[in-house]
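Notes to accompany the following structure.
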Amino acid sequence: MEEVLQQLANLQYIDSRIDELKQLRGDLPEEILDIETDINRFEAKIERLENEQKELKVEQDNLELEIKDAQNKMDKYEEQQMSVRNNREYDALTKEIESQKQVIENANSRKEEIEQRLEQIGPEIEKYQEQLDQTKELYEQKQANLEEVKKDTQKEEDMLEDKRAEVEENIDDRYLRSYNRLRDGLSNGLAVVPMEKGAALGMALPPQTQVEVRHKNKIIIDENSGRIVVHPSFFENAQEQLSL
C-alpha cells in the first residue's frame with residue numbers, strides 16, 4: 001500500500017507542477033477563445049451584409065426589367081386605345097394602363113428603398129471590416145504572447161507529461177480512476193494532500209486519522225474535504241524521485 005500511496009503522491013506532485021505551468025499562461029487561452037468568437041461574429045455580419053447587398057442589387061435589376069416591361073405594356077395599350085370600337089374596350093384598356101402605372105409606381109418606390117439601404121450597407125461593411133481587422137491583429141498579438149509563454153515552459157511540460165504517463169502505468173486502474181475523479185471535481189485540482197502538523201489543508205484531522213496516516217498502510221480520505229491525505233514524506237520522496 002505504501003507504493004500505491006507513493007505513486008498517488010507522485011501523480012499529484014506532477015499534476016500540481018503542470019497546473020503551475022499552465023497558470024503562467026494566465027487568461028491568455030480564454031482571451032484568445034473570446035477573440036476567436038468576436039472574429040467569427042464580425043465575419044458572419046460582413047457575410048450577411050454582403051449577401052444582402054448582392055440580393056438587393058439583383059432585385060434592383062429585376063425591378064428595372066419590371067418597369068421596362070410595364071412601360072412597354074402601357075405604350076401598347078395606349079396605342080390600342082386609338083383604334084378601339086367602343087367605350088367598353090376603351091375602359092378595359094384604361095384599367096390595364098392604370099394597373100401598369102401602379103406596377104411602375106410600386107417598383108420605383110421599392111427601388112428608392114433599395115438605394116437607401118445600399119447606401120447604408122457600404123459603411124456598415126466598412127465598419128465591421130475595420131473591427132474585424134483590429135480584432136485579427138489583437139488575435140495575432142495574443143497568440144504570439146501565448147506561444148512565447150508556451151515556448152518557455154513547453155520543454156518542462158512535455159517532460160512532466162512523459163513522467164505522468166510512466167506513473168500512471170504503475171498505478172492500479174481503480175486507484176487511478178478514483179484520483180482522476182477527485183481531481184476533476186476540485187477547483188484547485190488537489191486530490192492528494194500531505195498531512196502537516198496534524199491537519200490537511202489547514203483543517204485539523206481527528207487523532208485516530210492522524211495515527212492512520214502515519215502508519216502509511218491504507219488510503220485515508222479526509223471527511224472535511226474528501227481528499228486523500230498522505231504522510232508528508234511521500235511528497236518529499238516525490239520531489240526527490242522526480243528531480244523537479
Side-chain angles (χ1 to χ4, degrees), residues 18 21-154 157-158 161 184 187:
I18 292 174
L21 294 177
K22 288 181 177 179
Q23 285 173 4
L24 292 175
R25 302 170 190 171
D27 296 329
L28 280 173
E30 288 77 15
E31 289 178 11
I32 287 172
L33 286 175
D34 289 341
I35 294 171
E36 286 177 346
T37 300
D38 289 339
I39 288 174
N40 292 334
R41 181 163 54 86
F42 289 135
E43 287 178 339
K45 285 184 177 180
I46 291 171
E47 184 179 4
R48 284 197 299 270
L49 286 169
E50 288 177 342
N51 287 337
E52 182 185 0
Q53 190 178 53
K54 290 176 184 176
E55 290 169 1
L56 288 174
K57 286 181 178 179
V58 169
E59 185 182 356
Q60 197 174 42
D61 291 340
N62 290 337
L63 288 170
E64 289 288 353
L65 293 174
E66 191 176 330
I67 290 171
K68 186 176 181 181
D69 181 63
Q71 186 62 55
N72 288 336
K73 288 179 179 178
M74 281 179 58
D75 294 342
K76 182 183 71 173
Y77 295 147
E78 287 174 352
E79 184 178 348
Q80 288 177 354
Q81 276 184 326
M82 304 298 294
S83 58
V84 294
R85 292 170 296 181
N86 53 57
N87 289 338
R88 183 173 59 79
E89 291 180 1
Y90 185 90
D91 291 341
L93 289 169
T94 299
K95 286 183 180 179
E96 291 294 340
I97 292 170
E98 291 300 322
S99 175
Q100 296 307 314
K101 283 183 179 179
Q102 188 62 52
V103 168
I104 293 173
E105 184 179 335
N106 292 341
N108 281 324
S109 176
R110 177 56 184 158
K111 275 182 61 182
E112 289 180 7
E113 292 176 358
I114 290 174
E115 288 168 2
Q116 290 176 359
R117 180 58 188 143
L118 286 174
E119 288 176 0
Q120 295 170 348
I121 288 177
E124 286 180 20
I125 291 176
E126 289 180 7
K127 179 187 72 173
Y128 287 124
Q129 186 62 56
E130 183 179 351
Q131 291 177 329
L132 175 60
D133 293 340
Q134 292 173 349
T135 306
K136 284 184 174 180
E137 184 178 344
L138 178 61
Y139 176 80
E140 291 174 0
Q141 292 174 358
K142 294 290 185 180
Q143 277 284 33
N145 292 342
L146 180 59
E147 290 303 317
E148 188 66 28
V149 173
K150 287 174 69 175
K151 184 174 67 175
D152 293 340
T153 62
Q154 195 64 52
E157 191 170 337
D158 289 343
E161 292 290 356
D184 291 342
S187 59

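In what follows, residues are counted from 1 in the order of the sequence shown. Bear in mind the structure is a predicted one, so any value in this text is a computation, not a measurement.
Atom-to-atom distance recorded for Glu50:CD and Glu55:CD is 12.0 Å, nearest 0.5 angstrom. Here CD1 of Ile121 is found 9.0 Å from NZ of Lys57. Values are rounded to the nearest 0.5 Å. The CD atom of Glu43 lies 8.5 Å from the CD atom of Gln129; values are rounded to the nearest 0.5 Å. We find the NZ-CG distance between Lys111 and Asp61 to be 9.5 Å, quoted to the nearest 0.5 Å. Taking CG of Asp133 as the reference point, atom CZ of Phe42 lies at 10.5 Å (rounded to 0.5 Å). From Leu146, atom CG reaches atom CD of Glu31 across 10.0 Å, with rounding to the nearest 0.5 Å.
Defined by atom type and a distance below 3.5 Å, a donor-acceptor pair is present between the side-chain atoms of Gln143 and Tyr139. Side-chain atoms of Glu36 and Asn40 form no donor-acceptor pair, as typed in the model, at a separation below 3.5 Å. With hydrogens and angles left out, the side-chain atoms of Gln141 and Asn145 include no donor and acceptor closer than 3.5 Å.
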Could you give me the CA-CA distance, side-chain angles and deciding distance for Glu66 and Leu63, then say whether side chain to side chain contact (heavy atoms under 4.5 Å, CB included) is met? CA-CA 5 Å; Glu66 191 176 330; Leu63 288 170; 3.9 Å; yes

When you look at Glu124 and Lys127, which way does the salt bridge (Lys or Arg N to Asp or Glu O under 4.0 Å) test go after all the steps? CA-CA 5 Å; Glu124 286 180 20; Lys127 179 187 72 173; over 6 Å; no

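Asn51 is not listed as a side-chain neighbour of Arg48, based on a closest heavy-atom distance of 4.5 Å or more. Between Lys136 and Leu132 the shortest side-chain heavy-atom distance falls below 4.5 Å. Taking 4.5 Å as the limit, some side-chain heavy atom of Met74 sits within range of a side-chain heavy atom of Glu78. A 4.5 Å side-chain heavy-atom check between Ile97 and Gln81 finds at least one atom pair inside the cut-off.
A donor-acceptor contact shorter than 3.5 Å is absent between the side chain of Ser109 and the backbone of Glu105. In this structure, the side chain of Asn108 engages the main chain of Ile104 through a donor-acceptor pair within 3.5 Å.
Contact detail for Lys142 and Ile35: the closest heavy-atom pair is CG-CD1, 3.7 Å. Closest of all the heavy-atom pairs between Gly26 and Glu30 is O-OE1, 3.8 Å.
Classification of Glu98 and Lys95 as a salt-bridged pair fails, no side-chain N sitting under 4.0 Å from a carboxylate O.
In the displayed structure, Glu137 atom CD is contacted under 6.0 Å by at most 12 heavy atoms of other residues, nucleotides or ligands.
Of the residues Met82, Gln80, Glu79, the one that meets the side chain to side chain contact (heavy atoms under 4.5 Å, CB included) test with Leu93 is Gln80.
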